[in-house]
Amino acid sequence: MTIGRTVYLNGNYCPVEDATISPFDRGFLFAHAAYEVTSVYDGRFIDLEGHLSRLRRTLEGISIPNPYSDEKWAEIHSDLVDRNGMEEGTVYLEVTAGDYGLRDFAGPETFTPTVFVYADARPLIGDLARDGIRAITLGDTRWKRRDMKTVQLLSQALAYRAARQEGAETAFMIEDGLVTEAASANAWIVDADGKLITRELSHAILPGITRAGIVSLLKKEGLEVVERAFTPEEAVSAKEVFTTSSGAIVAPVVAIDGKPVGDGRPGQVTRRVQRLYYEAMGADVAAVAPWVLG
Ligand code: PDD
């Protein structure tokens, strides 16, 4: 990860060290804030419209007015990519309910948001996509409106710390005996018949933009996607498991709670999904991901 030196804060582009916000900001005091993470590949955004539409929904759900039009948001994103000379990585945006110089739970009738945006250069198609990641399972302790992308990320931060302690890279979160999603990605399994399964959309999970892109690519290919919840036991005994997110695109999961998934290596279906998505991103897979060509 390389944070671009120029960031955007409340209408201004400035060096990251000059970007400061008030300790009374409601994002800091109450985690009262929405965020989005959009992938950039070859200087182009992957489904920025999808991210901006989810942002609108989240902001509405947490009573923050959307400060900008989609055109203005797109302009800020492009400016940051250009100013930081970024080719591949992500752009992070956060909109908080703002600063009122006091800690008042309800706050004013109408919020004036704080807006922060930065660019983060990193490979989207890298070693983890090639070799896979390991997951642990743990209880999902998040609030119940996970369909809104807010910065209430303490459960996920602790899940990542627990995973790291156990030598894994991610965590699958379990509620009522079912996998909700991974700590910062949607979860998928491939069953014994080669069928792709991912949890149906509801308040329990984030409607991933990458998930949506993959569902539509797979449908176009004539491949069946079953949208239903699955148990951690199904995941451990699945043929293949992978996660999808803007940060890691398609990440094969090769072990769960120390047990290998399949033969402990990324499987054929996962490779096909990676290939389809990478090609849709405009990647030259023979050059950057020859391992998907099998
Ligand atoms: N996280 N589920 C959760 C809980 C997530 O945090 C994310 C993304 C996803 C995948 O959504 P998308 O495909 O739209 O990125 C699913 C981002 C990348 C993050 O928090 O950094």
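Just follow the structure's listing: the first ligand is 1, and inside any ligand the first atom is 1. Along the sequence shown, the residues carry numbers beginning at 1. Worth saying up front: this structure is predicted, and the values here are computed from it rather than measured.
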Close side-chain approach of V115 and V117, heavy atoms under 4.5 Å: yes

Nearest non-hydrogen protein atom to atom 2 (N) of ligand 1, with distance, is E181 OE1, 2.6 Å

Practice task
Flag R54 as yes when one of its N or O atoms lies below 3.5 Å from any N or O atom of ligand 1, and as no otherwise.
Solution key: yes

Is E36 close enough to touch ligand 1? Criterion: a residue heavy atom under 4.0 Å from a ligand atom. no

| said: Would R211 count as being in polar contact with ligand 1, using the rule that some N or O on each side must be under 3.5 angstrom apart? | reply: no

Residue set satisfying ring pair (Phe, Tyr, Trp, His ring centres under 6.0 Å) with Y35, at least two apart, ordered chain then number -> Y92

Ligand 1 and T210, any nitrogen or oxygen pair closer than 3.5 angstrom? yes

So for R146 against ligand 1, with non-hydrogen atoms under 4.0 Å, the contacting part is neither

Under 4.0 Å from one or more heavy atoms of A183, ligand 1 contributes atoms 4 (C)

Side-chain touch L124/T90, heavy atoms, less than 4.5 angstrom:
yes

min-distance protein heavy atom vs atom 8 (C) of ligand 1 -> K149 NZ, 3.3 Å

Under 3.5 Å, N or O to N or O, is I209 touching ligand 1 that way? yes

Min over G208, S246, S184 of heavy-atom distance to atom 6 (O) of ligand 1 lands on S184

Requested in this report: Please report the C-alpha distance between L201 and D147 in whole Å, then the side-chain angles of each, then the deciding distance to 0.1 Å, and finally whether the side chain to side chain contact (heavy atoms under 4.5 Å, CB included) criterion is met.
Outcome: CA-CA 8 Å; L201 298 183; D147 54 317; over 6 Å; no

(request) Could you tell me whether ligand 1 has any atom less than 4.0 Å away from a heavy atom of Y92? (result) no

Open item on the list: For S39, state whether at least one heavy atom is located under 4.0 Å from any atom of ligand 1.
Closed with: no

**OP:** Flag the pair R272 and E221 as a salt bridge only when some basic side-chain nitrogen lies within less than 4.0 angstrom of an acidic carboxylate oxygen.
**Re:** yes

Residue, atom and distance of the protein heavy atom nearest atom 19 (C) of ligand 1 read Y35 OH, 3.7 Å

Ligand 1 atoms nearer than 4.0 angstrom to some heavy atom of T244 are 10 (C)

Among non-hydrogen protein atoms, atom 21 (O) of ligand 1 lies closest to V37 CG2, 3.6 Å

With sequence neighbours left out, the residues meeting ring pair (Phe, Tyr, Trp, His ring centres under 6.0 Å) with F30 are F105

| said: We want to know whether Y160 and S184 form a side-chain donor-acceptor pair, criterion being a heavy-atom distance below 3.5 angstrom. | reply: yes

Using only heavy-atom distances, determine whether the side chains of Q268 and R271 contain a donor-acceptor pair under 3.5 Å. no

- Task: For R142 and ligand 1, answer yes if some heavy atom of the residue is under 4.0 Å from a ligand atom, otherwise no.
- Result: yes

Given the rule that I, L, V, M, F, W and Y join up when any side-chain heavy atoms are under 4.5 Å apart, are V179 and I205 in one cluster?
no

**Study point:** Side-chain heavy atoms of W73 within contact of N66, under 4.5 Å
**Key:** yes

So the atoms of ligand 1 within less than 4.0 Å of a heavy atom of N186 turn out to be 10 (C), 16 (C)

